[in-house]
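Numbering of ligands and ligand atoms starts at 1, following listing order. Only this structure's heavy atoms are used, side chains among them; waters, hydrogens and symmetry mates stay out. All residue numbers in this chain count up from 1 along the given sequence.
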Amino acid sequence: LLEVILLGTGTSAPNLKRRSSGVCIQVDDEPFIFDLGAGTLHRMLEAGIDYKKVNRIFITHQHPDHCSDLIPFLFGTNYTLGFERKTPLSIYGPKGFKGFIKKMAALFPWITPKTYPLEIRELGKERIDQVKAVPVLHGGMQALSYRLEADGKAIVYSGDAGYCQDLIDIAQDADLLIIECSFPETMSLPKVHLNTADVGRIAKASNAKRVILTHLNPFCEGVDLVGQVCKIYSGVVEEGKDLMRIVI
Ligand SMILES: [Zn+2]
Ligand SMILES: [Zn+2]
């Protein structure tokens, strides 16, 4: 069984309905976490996902709305009374990620694992078991998009990205494309983020079967984002909501 749970569909703007970015993909009860932005650790608890059983976390990039809950996650893993983690934990990120985690641990020494092995790994264009990573355009940032393949299905998560061929390629024929949609069609920030027209073009070019919009800024509220995407793309489009579950 493949199930997607949206942990956070918002951005850096604090929002009670939309936490910062995070997606959980359950593959036969194993949670694969993609991004852990502010508020998503608690969304994980709301969704019934046990943080003690998370073994793999894939971070798209180092903007805080995509990774800041790594701090309470690692801290809580060390200091939950009665819990001693032994299982190895792997955290993946883009180029520069190892140095970033090292600096984080210099500021917060309490996040350094006490009882379990932690692997921090930087990814380029490569595959880790069922998960493929590819570097994508996000202003001057090192950023990754991910594709998980299991049970003959493919789920793609864009993270933050501007319009680029690498994102179209990794999303090719995806059964589900979870894609950032920072702006309505009237606004844009080329090479950094996507608006609804960009999302429509990427969804069409990649031939994705189904699209979920995420990373929604507050000024996206009340706008017919789905209608705007569907001017270009003829597949199924939905606006993501925190804690939404999609079985693939
Ligand atoms: Zn972001
Ligand atoms: Zn970003």
Side-chain angles (χ1 to χ4, degrees), residues 4-25 33-44 57-73 91-101 103-104 122-125 133-147 155-164 166-168 170-171 177-184 187-199 202 211-221 223 225 229 239-244:
V4 173
I5 304 154
L6 301 181
L7 302 174
T9 59
T11 60
S12 48
N15 185 318
L16 286 173
K17 287 199 183 125
R18 298 189 185 280
R19 302 297 157 93
S20 297
S21 291
V23 176
C24 173
I25 304 176
I33 303 295
F34 294 87
D35 280 344
L36 211 49
T40 55
L41 179 58
H42 288 79
R43 283 286 192 240
M44 213 189 273
I57 302 173
F58 297 84
I59 298 294
T60 59
H61 65 300
Q62 296 162 17
H63 280 151
D65 59 321
H66 296 258
C67 65
S68 65
D69 266 10
L70 279 176
I71 298 168
F73 176 86
I91 309 179
Y92 306 95
K95 200 169 157 239
F97 190 64
K98 274 188 176 178
F100 173 77
I101 294 289
K103 283 182 189 165
M104 207 185 249
E122 295 180 2
L123 301 179
K125 187 174 182 175
V134 71
V136 288
L137 181 67
H138 180 40
M141 290 294 290
Q142 295 284 344
L144 297 171
S145 292
Y146 290 107
R147 177 185 180 106
I155 299 168
V156 173
Y157 170 55
S158 69
D160 283 1
Y163 185 93
C164 61
D166 294 303
L167 178 51
I168 294 169
I170 200 169
L177 170 59
I178 304 158
I179 188 166
E180 79 125 284
C181 183
S182 294
F183 309 113
M187 300 175 70
S188 67
L189 198 53
K191 300 184 181 173
V192 184
H193 285 297
L194 303 173
N195 67 11
T196 47
D198 298 322
V199 168
I202 290 169
V211 170
I212 301 276
L213 310 177
T214 189
H215 204 269
L216 304 170
N217 269 302
F219 39 72
C220 287
E221 300 300 335
V223 176
L225 300 173
V229 173
E239 191 181 299
K241 291 195 176 15
D242 283 22
L243 296 174
M244 186 189 256

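Looking only at N/O/S atoms, Asp160 comes nearest to the Zn ion (ligand 2) through OD2. When the Zn ion (ligand 2) is compared with the N/O/S atoms of His61, atom NE2 turns out nearest. Counting just the N/O/S atoms of His63, the one with the shortest distance to the Zn ion (ligand 2) is named ND1.
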Practice problem: Report the C-alpha separation of Asp69 and His42 in whole Å, then their side-chain angles, then the decisive distance to 0.1 Å, and conclude whether the side chain to side chain donor-acceptor pair (under 3.5 Å) test is met. | Solution: CA-CA 9 Å; Asp69 266 10; His42 288 79; 5.0 Å; no
Self-check item: Steps toward ring pair (Phe, Tyr, Trp, His ring centres under 6.0 Å) verdict (Phe58, Tyr92)
Solution: CA-CA 5 Å; Phe58 297 84; Tyr92 306 95; 4.6 Å; yes
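The closest side-chain donor-acceptor pair between Arg19 and Thr40, if any, does not fall under 3.5 angstrom. If you check the side chains of Asp35 and Thr60, you find a donor sitting under 3.5 Å from an acceptor.
Seen from the Zn ion (ligand 1), atom NE2 of His215 and atom OD2 of Asp65 lie 100° apart in angle, a value rounded to 10°.
Residue contacts to the Zn ion (ligand 1): His66 brings an N, O or S atom closer than 2.8 Å.
The aromatic rings of His138 and His63 sit perpendicular, their planes meeting at an angle over 60°, well past the 30° parallel limit.
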